[in-house]
K.L.:
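Pasting a structure here, questions to come.
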Amino acid sequence: MNWTSFAVAASLTLVSTTACAQTPTAPAWQEGVLEAAADLLEPNYIYEDRAQALAAFLREDPDRYAHIADRDAFARAVTADFHAMVQDAHLRVLHDPEVVAETPSEQPRRRSACASGAVEHEILADNTGYMSVPSFRGDDSYVAGIDTAFAALAGTDALILDLRNNCGGGPHIVRHLSTYLFADFTHLTNTEMRGQPVRERWTYEDVPGERYLDRPVLVLTNGQTFSAAESFTFGLKVTDRVLTVGERTGGGGHFGGIERLSPDFTLFVPVGRTFDPRTGDGWEAEGIEPDLPADSADALDVALTWLAER
């Protein structure tokens, strides 16, 4: 027997066996997820060249995440790779099961810093109006809360709008709330989607209550001020109607929708962006820098101090 040939063959067999043993098998729940994401992004993501690059990356290695056995970790890993390729705070995979577990202990634990609840208002010292807007929901009852707050604060000398931890909502409330702060029909921002003409976003012609004019308006922001809440802030900032106080916003200047990839996962697909019609600039990834920087917890006090010192 040729012992040298035998030893070489045995060595190759050992290496091959070890390699196979080290190559994990992707969990069944990962099957088709990356391909589904590629199929959604390629025709729909706002930037065609980046859409093709993302799709190619996802299809390149279907077993790229085979070593990940936890669904939440898988979603985070894919999202992190997306963000390494494109600066897009909205683009993300979410572990979002279709079927809710029967017992609370089986349900995935989720933490969110996003505010919720109804619009609140009060009159602070020195006749300063304060309105907390925790989200930008567009349903009739929520819009009515905005109208009620403006009616109650109509006689104040200044207004503070609190958008800290407001993670967004829809464009209707952006326009409705903005309309209260301008005397005339005003061009706020533009939006664009892939392959479609640019659309202009203006205030509405009318609101049901008295407009809040010729008085200072301050907007409180932090890192959780995101998406539609940023769109509102951005439109008022570029038209020189408000002063922003607090922290840089979250950087969600794109818009889109959530699509299902599998029973376990969804994908937020950004399909458009909002920008200043005068400069073409938006705020995606960078966020909106405040005029008066302050820690989130101190933003209201800083705003009140600024008003007192005017």
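All values derive from a computational prediction rather than experimental measurement.
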K.L.:
If you take all heavy atoms of Asn190 and His187, which pair is closest and at what distance?
P.N.:
OD1-NE2, 2.7 Å
K.L.:
Any salt bridge between Glu192 and Arg199, counting N to O under 4.0 Å?
P.N.:
no
K.L.:
What heavy-atom pair brings Val133 and Asn166 nearest, and what distance separates the two atoms?
P.N.:
O-ND2, 2.8 Å
K.L.:
Which heavy atom in Pro27 sits nearest to a heavy atom in Ile68, and how many Å separate them?
P.N.:
CG-O, 3.7 Å
K.L.:
Compute whether any side-chain donor of one residue and acceptor of the other, for Trp29 and Glu31, lie under 3.5 angstrom apart.
P.N.:
no
K.L.:
Check whether NZ of the Lys or CZ of the Arg Arg76 lies under 6.0 Å from the centre of the six-membered ring of Phe74 and within 45 degrees of that ring's axis.
P.N.:
no
K.L.:
Would one find more than 12 heavy atoms of other residues, nucleotides or ligands at under 6.0 Å from atom CD of Gln87?
P.N.:
no
K.L.:
Distance from Leu236 atom CG to Leu188 atom CG, nearest 0.5 Å?
P.N.:
7.0 Å
K.L.:
Could Lys237 and Asp291 be called an ion pair, given the rule that one side-chain N must be under 4.0 Å from one carboxylate O?
P.N.:
yes
K.L.:
Hey, is the main chain of Gly235 close enough, under 3.5 Å, to the side chain of Thr239 for a donor-acceptor pair?
P.N.:
yes
K.L.:
Nearest 0.5 Å, please: how far is CG in Asp184 from OG1 in Thr203?
P.N.:
8.5 Å
K.L.:
Just by modelled atom types, is the Glu247 backbone N or O under 3.5 Å from a matching donor or acceptor in the Thr221 side chain?
P.N.:
yes
K.L.:
Using a 6.0 Å distance limit plus a 45 degree cone around the ring axis, check whether Arg50 lies over the aromatic ring of Phe82.
P.N.:
no
K.L.:
For His95 and Asp70, does a side-chain donor sit closer than 3.5 Å to a side-chain acceptor?
P.N.:
no
K.L.:
Nearest 0.5 Å, what's the OG-CZ distance between Ser262 and Arg71?
P.N.:
8.5 Å
K.L.:
Please confirm whether Arg92 makes a cation-pi placement over Phe268, using NZ or CZ under 6.0 Å from the six-membered ring centre and within 45° of the ring normal.
P.N.:
yes
K.L.:
Kindly say whether Glu286 contributes a backbone atom to a donor-acceptor pair with the side chain of Arg248 at under 3.5 angstrom?
P.N.:
yes
K.L.:
Ignoring hydrogens and angles, tell me if any N or O in the side chain of Asp88 forms a donor-acceptor pair with the backbone of Leu91 under 3.5 Å.
P.N.:
yes
K.L.:
Give a yes or no on whether a salt bridge exists between Asp39 and Arg59, defined as a side-chain N under 4.0 angstrom from a carboxylate O.
P.N.:
yes
K.L.:
Heavy atoms only: give me the nearest Pro290-Gly246 pair and the separation to one decimal.
P.N.:
CG-O, 3.2 Å
K.L.:
When rounded to the nearest 0.5 angstrom, what distance separates OG1 in Thr189 from CG in Asp276?
P.N.:
8.5 Å
K.L.:
Any salt bridge between Glu98 and Arg260, counting N to O under 4.0 Å?
P.N.:
yes
K.L.:
May I have all residue pairs that pass side chain to side chain donor-acceptor pair (under 3.5 Å) and include part of residues 292-306, sequence neighbours excluded?
P.N.:
Asn222-Ser296
K.L.:
Quick check: is Phe57 connected to Leu267 through a chain of hydrophobic side chains (ILVMFWY, heavy atoms under 4.5 Å apart)?
P.N.:
yes
K.L.:
For Thr156 and Tyr212, does a side-chain donor sit closer than 3.5 Å to a side-chain acceptor?
P.N.:
yes
K.L.:
A quick test of your reading: do over 12 heavy atoms of other residues, nucleotides or ligands sit less than 6.0 Å from CG of Asp49?
P.N.:
yes
K.L.:
Nearest heavy-atom pair of Ala299 and Val245: which atoms, and what distance?
P.N.:
O-CG1, 3.6 Å
K.L.:
Which atom pair, heavy atoms only, marks the closest approach of Leu159 to Tyr130?
P.N.:
CD1-N, 4.4 Å
K.L.:
Please confirm whether the backbone N or O of Glu230 pairs with a side-chain atom of Thr225, one donor and one acceptor, at under 3.5 Å?
P.N.:
no
K.L.:
Tell me yes or no: between the side chains of His172 and Tyr204, is some donor less than 3.5 Å from an acceptor?
P.N.:
yes
K.L.:
Could you measure the distance from the CZ atom of Arg201 to the OG1 atom of Thr186? Nearest 0.5 Å is fine.
P.N.:
14.5 Å
K.L.:
Pairs in or reaching into residues 217-261: which pass ring-ring contact (aromatic ring centres under 6.0 Å, His included), with residues at least two apart or in two chains?
P.N.:
Tyr47-His254, His90-Phe226, Phe136-Phe232, Phe234-Trp283
K.L.:
Any donor-acceptor pair under 3.5 Å linking the side chain of His176 with the backbone of Val207?
P.N.:
no
